[in-house]
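Here's the structure we're looking at; comments come further down.
Letters go in sequence order (proteins before strands), and every chain restarts at 1.
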Amino acid sequence: MNDWKNSLHCRWQKVQRLGSERSRSVIRIALMCLLAGFVFFELLGCYLAFRISIPVAAEAAAPTVVRTAEQWQASNARLANKIAAQLPKEPYLVVDTAANRVTLRQGDTILRDMPASCGSGNVLEDTSSGRRWVFDTPRGQHRIQSKVANPLWIKPDWAFLEEGKPVPTNPAERAEPGVMGDYALGIGNGYFLHGTLYKRMLGRNVSHGCVRLGDEDLAHLYRTVPIGTRVFIF
Amino acid sequence: MRIALLLPLLFCLSVGTIRASDSHLTSLQQVNALLQAEYELSRTGKPYLFIDLSEQHVRLKVSGLSLTDWPINGFRRWGNPSAHPAAGLVRKHSLDEPERDVQVVNSAAPVAPSKKAKAYELSDMPTAYRMRLENGTEITVRPTPTHWLTHLRSALAIPFWYLSRPLISDWKFLRGSPYNELALSLTEHDARMLYWAFNEGNLCLIRLPGTGAAAAPAVPGTNR
């Protein structure tokens with residue numbers, strides 16, 4: 001009886017050992033497969049990334065131009081000169097809306113660096129009419145279109161709504177003297193470089209999109225900057 | 001016999017010379033394509049971004065004029081993140097996207113807004129974000145590590161970055177688009193400035209390292 005029991009026990013242990021060995025090898029094979037798959041997909045990804053370039057329509061459409069090195073160099077020099085020809089030869093203004101600074105430059109030389117106040121970036125929404133104003137200084141390239149001494153501010157609708165006042169129907173009620181400083185230089189679409197009553201706020205984003213400047217800087221610009229001067233805002 | 005031994009050497013030298021002149025031509029051609037693209041952009045009068053990996057600078061330009069530039073402290077690229085011709089920015093994405101203060105008024109019954117709106121300023125801009133160009137190129141911007149902890153985190157992220165990109169490439173390939181990424185490391189201030197200045201719709205040019213660094217003629221007055 002004991003012999004029979006012993007042999008059964010031995011057999012059971014053998015089965016267990018065999019099972020654990022099998023499961024271990026199955027796990028090992030599975031891990032190997034996973035690793036192989038990972039390596040395969042890694043290599044495939046590398047191949048796809050570095051062998052297949054972005055299809056560019058213009059490149060595909062462009063006929064293959066056969067040129068010598070000298071011809072390419074001449075063409076490159078011509079293009080560089082064409083780009084250089086776009087650069088302003090006369091003084092120009094650069095408005096940095098993040099740093100709130102205006103610089104008057106000529107070529108690479110900074111002629112005058114001025115603190116300013118640019119757009120606050122806030123939003124005003126009128127639930128009644130559905131109108132929405134974003135008080136950003138317009139980015140891009142502009143030109144000085146007008147120069148005005150003793151400018152009068154013709155208050156837009158948002159100025160009344162912000163103060164909690166009704167929008168007047170009589171245009172004469174919109175005029176407000178003395179708030180834009182001594183001069184204003186228009187850059188189009190109702191945006192100006194002008195003076196301010198809040199000189200302590202120069203250097204901060206507080207305006208409704210116009211560029212506010214200090215009195216002396218504004219007077220200097222009014223005197224030196226002609227109409228047509230380029231204004232680059234970023 | 002000696003002449004016969006010299007023949008393979010001569011062959012190798014001639015092949016080397018042909019390949020070198022080919023690469024010089026390719027370099028000139030790449031510079032030409034880049035200048036052509038920049039010329040087209042400069043004519044529009046709109047601001048564009050010029051990512052110069054060769055000189056490690058990001059420049060914001062209008063009409064060929066460099067308005068401002070930010071040095072690149074480091075970069076990694078995956079695939080071919082070129083932008084020839086220029087590609088427009090489709091979307092900026094960040095975990096902490098800045099929000100503008102909105103004031104609501106009613107013109108039918110005007111009442112002044114109760115609270116003063118906070119300005120949308122440079123300090124609100126994120127330092128870590130992703131930008132997607134219309135040709136599918138992803139540009140990731142991260143601040144340059146300044147503290148030993150951020151150095152450690154950044155060092156640990158490098159192997160993960162290189163291991164994960166092939167898998168993303170596979171996934172994107174299955175979806176029918178190649179995956180190209182450019183990871184830029186800028187100072188916190190410059191990263192914020194880039195987010196501030198480069199907006200949806202603006203175009204971007206990328207000059208890859210080694211793209212005719214010696215062959216590119218300098219454009220006068222552009223701080224190159």
### Task
Evaluate the criterion side chain to side chain donor-acceptor pair (under 3.5 Å) for residue pair B/Asp69 and B/Ser66; output intermediate values, then yes/no.
CA-CA 7 Å; B/Asp69 70 300; B/Ser66 181; 4.9 Å; no
### Message
Between A/Leu44, A/Ile233, A/Asn205, who has the most heavy-atom pairs with chain B when the cutoff is under 4.5 Å?
### Response
A/Asn205
### Query
Taking every heavy-atom pair that is under 4.5 Å apart, which of A/Phe38, A/Trp133, A/Tyr92 has the most such pairs with chain B?
A/Tyr92
[X] versus chain B, heavy atoms under 4.5 Å apart: side chain, backbone, both or neither?
X: A/Lys82; result: both
X: A/Val206; result: neither
X: A/Asp157; result: neither
X: A/Arg131; result: neither
X: A/Asp136; result: side chain
X: A/Glu163; result: backbone
X: A/Val167; result: neither
X: A/Thr97; result: both

Using non-hydrogen atoms and a 4.5 Å limit, figure out which bit of [X] sits close to chain A: side chain, backbone, both or neither.
X: B/Val111; result: backbone
X: B/Phe198; result: neither
X: B/Leu163; result: both
X: B/Asn202; result: neither
X: B/Ser177; result: neither
X: B/Lys172; result: neither

### Message
Take a 6.0 Å sphere around NZ of B/Lys118 and say whether it holds more than 12 heavy atoms from other residues, nucleotides or ligands.
### Response
yes
### Query
Relative to chain A, which of B/Ser169, B/Ser63, B/Ala197, B/Ala108 shows the most heavy atom pairs under 4.5 Å?
B/Ser63
### Task
From the options B/Thr140, B/Thr144, B/Asn73, select the one residue that forms a side chain to side chain donor-acceptor pair (under 3.5 Å) with B/Ser185.
B/Thr144
#### Entry: Geometric class of the A/Trp158/A/Trp153 ring pair [parallel <30°, tilted 30-60°, perpendicular >60°]
tilted
### Query
Stepwise, does the side chain to side chain donor-acceptor pair (under 3.5 Å) test hold for B/Asp52 with B/Ser54?
CA-CA 5 Å; B/Asp52 191 342; B/Ser54 201; 4.5 Å; no
### Query
Would B/Arg43 and A/Gln86 satisfy side chain to side chain donor-acceptor pair (under 3.5 Å), going step by step from the backbone distance to the final call?
CA-CA 7 Å; B/Arg43 284 170 63 189; A/Gln86 310 279 328; over 6 Å; no
### Message
Within this structure, what is the CG-CG distance for the pair A/Leu213 and A/Asn100, rounded to the nearest 0.5 Å?
### Response
10.5 Å
